[in-house]
Participant: 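There's a structure below that I have some questions on.
Chain letters run A, B, ... following the sequence lines, proteins first and then strands; every chain starts at 1. Heavy-atom basis, side chains included; hydrogens, waters and symmetry copies ignored.
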Amino acid sequence: KQEVTQIPAALSVPEGENLVLNCSFTDSAIYNLQWFRQDPGKGLTSLLLIQSSQREQTSGRLNASLDKSSGRSTLYIAASQPGDSATYLCAPGDSSNTGKLIFGQGTTLQVKP
Amino acid sequence: DGGITQSPKYLFRKEGQNVTLSCEQNLNHDAMYWYRQDPGQGLRLIYYSQIVNDFQKGDIAEGYSVSREKKESFPLTVTSAQKNPTAFYLCASRPEGLGETQYFGPGTRLLVL
């Protein structure tokens, strides 16, 4: 059974810092991996989707990497801003034809002005 | 506007009562999903449907039921058999193709009176 762990559980940084969020998963037979952002009391917003054949994806100040064989993904946020404060969730996609996602518990980020 | 709508935003359930959460999408997506989120935890899959008139149990289906009579609608019923229903419920949909991302609704918070 796939298990997903995100480290750290919480992170507080001053504005402008570069930071890395870590995600590890136990079953490397994944179809893809997604990173989501969740603001308090809201739904999820997709940030980046990495297919299993890819090593990384970039969108603006965000860069996600995937090492499927070692069961790891990282989300790099450059030049953090207070608006980046949210919970970030990692979700590997099931390798079957269902599109099911298995979620980690998330990393709650606070960026201080 | 295209998107996923969930209603109501807040729902109160009395003991022994069944309640139904609505999820509608106008994105023409084939697959739809229901997740449950408890405080400080990641999302867990309740039910999913890849096509009209067909649905499958997720990891925590006990105490819940669904229907998929129309492509755009995937309502979730929380039955009296679900003893701990207080949670944040999120609906998602996905376009055809396993490499596609999931899109999430704004969520319904269910509370027990």
Participant: Which residues pass the side chain to side chain donor-acceptor pair (under 3.5 Å) test with Tyr33(B), not counting sequence neighbours?
Facilitator: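 If we apply the side chain to side chain donor-acceptor pair (under 3.5 Å) test to Tyr33(B), skipping adjacent residues, the hits are Arg94(B).
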
Participant: Between Val66(B) and Tyr89(B), is there shared hydrophobic-cluster membership here, with clusters defined by ILVMFWY side-chain heavy atoms closer than 4.5 Å?
Facilitator: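 In one cluster: yes.
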
Participant: Counting only heavy atoms closer than 4.5 Å, note whether Leu49(A) contacts chain B via side chain, backbone, both or neither.
Facilitator: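 Just its side chain gets close to chain B.
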
Participant: Following the transitive rule for hydrophobic clusters with a side-chain heavy-atom cut-off under 4.5 Å over Ile, Leu, Val, Met, Phe, Trp and Tyr, establish whether Tyr88(A) and Leu11(A) coincide in one cluster.
Facilitator: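 Same cluster: Tyr88(A) reaches Leu11(A) through Ile, Leu, Val, Met, Phe, Trp or Tyr contacts under 4.5 Å.
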
Participant: Can Lys42(A) and Phe88(B) be said to form a side chain to side chain contact (heavy atoms under 4.5 Å, CB included), step by step?
Facilitator: CA-CA 9 Å; Lys42(A) 305 292 185 183; Phe88(B) 190 48; 6.0 Å; no

Participant: Is it the case that more than 12 heavy atoms not belonging to Ile51(B) sit under 6.0 Å from its CD1 atom?
Facilitator: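 Open.
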
Participant: Sequence neighbours excluded, which residues qualify as side chain to side chain donor-acceptor pair (under 3.5 Å) partners of Gln102(B)?
Facilitator: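 Per chain and number, Gln102(B) pairs via side chain to side chain donor-acceptor pair (under 3.5 Å) with Tyr35(B).
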
Participant: Quick one: what part of Gln6(A) sits under 4.5 Å from any heavy atom of chain B, side chain, backbone, both or neither?
Facilitator: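 For Gln6(A), neither part sits under 4.5 Å from chain B.
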
Participant: Tell me, out of Thr87(A), Val4(A), Leu89(A), Leu101(A), who's got the most heavy-atom pairs with chain B below 4.5 Å.
Facilitator: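 That would be Leu101(A).
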
Participant: How about Arg61(A): does its CZ atom have over 12 heavy atoms from other parts shown lying under 6.0 Å from it?
Facilitator: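 Check passes, neighbour count above 12.
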
Participant: Could you go through the side chain to side chain contact (heavy atoms under 4.5 Å, CB included) check for Thr45(A) and Phe104(B) one step at a time?
Facilitator: CA-CA 7 Å; Thr45(A) 301; Phe104(B) 281 78; over 6 Å; no

Participant: Start with the C-alpha gap between Leu43(B) and Leu44(A), add the side-chain angles, then the distance that decides, and say whether side chain to side chain contact (heavy atoms under 4.5 Å, CB included) holds.
Facilitator: CA-CA 10 Å; Leu43(B) 282 66; Leu44(A) 276 63; 4.1 Å; yes

Participant: Taking a hydrophobic cluster as the set of Ile, Leu, Val, Met, Phe, Trp and Tyr residues connected by side-chain heavy atoms closer than 4.5 Å, whether directly or through intermediates, do Val52(B) and Tyr47(B) fall within one such cluster?
Facilitator: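 Different clusters: Val52(B) never reaches Tyr47(B) through Ile, Leu, Val, Met, Phe, Trp or Tyr contacts under 4.5 Å.
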
Participant: After noting the C-alpha distance and the side-chain angles of Phe103(A) and Arg44(B), does the key distance pass the side chain to side chain contact (heavy atoms under 4.5 Å, CB included) rule?
Facilitator: CA-CA 7 Å; Phe103(A) 283 85; Arg44(B) 293 182 290 169; over 6 Å; no

Participant: What part of Ile102(A) lies closer than 4.5 angstrom to a heavy atom of chain B: side chain, backbone, both or neither?
Facilitator: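 Just the side chain, heavy atoms under 4.5 Å.
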
Participant: With a 4.5 angstrom heavy-atom cut-off, which part of Leu45(B) approaches chain A: side chain, backbone, both or neither?
Facilitator: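 For Leu45(B), the contact with chain A is made by the side chain alone.
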
Participant: Of all of Gly43(A), Ala9(A), Gly104(A), Ser46(A), which one pairs up most often with chain B through heavy atoms under 4.5 Å apart?
Facilitator: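 Ranked by heavy-atom pairs under 4.5 Å with chain B, first place is Gly43(A).
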
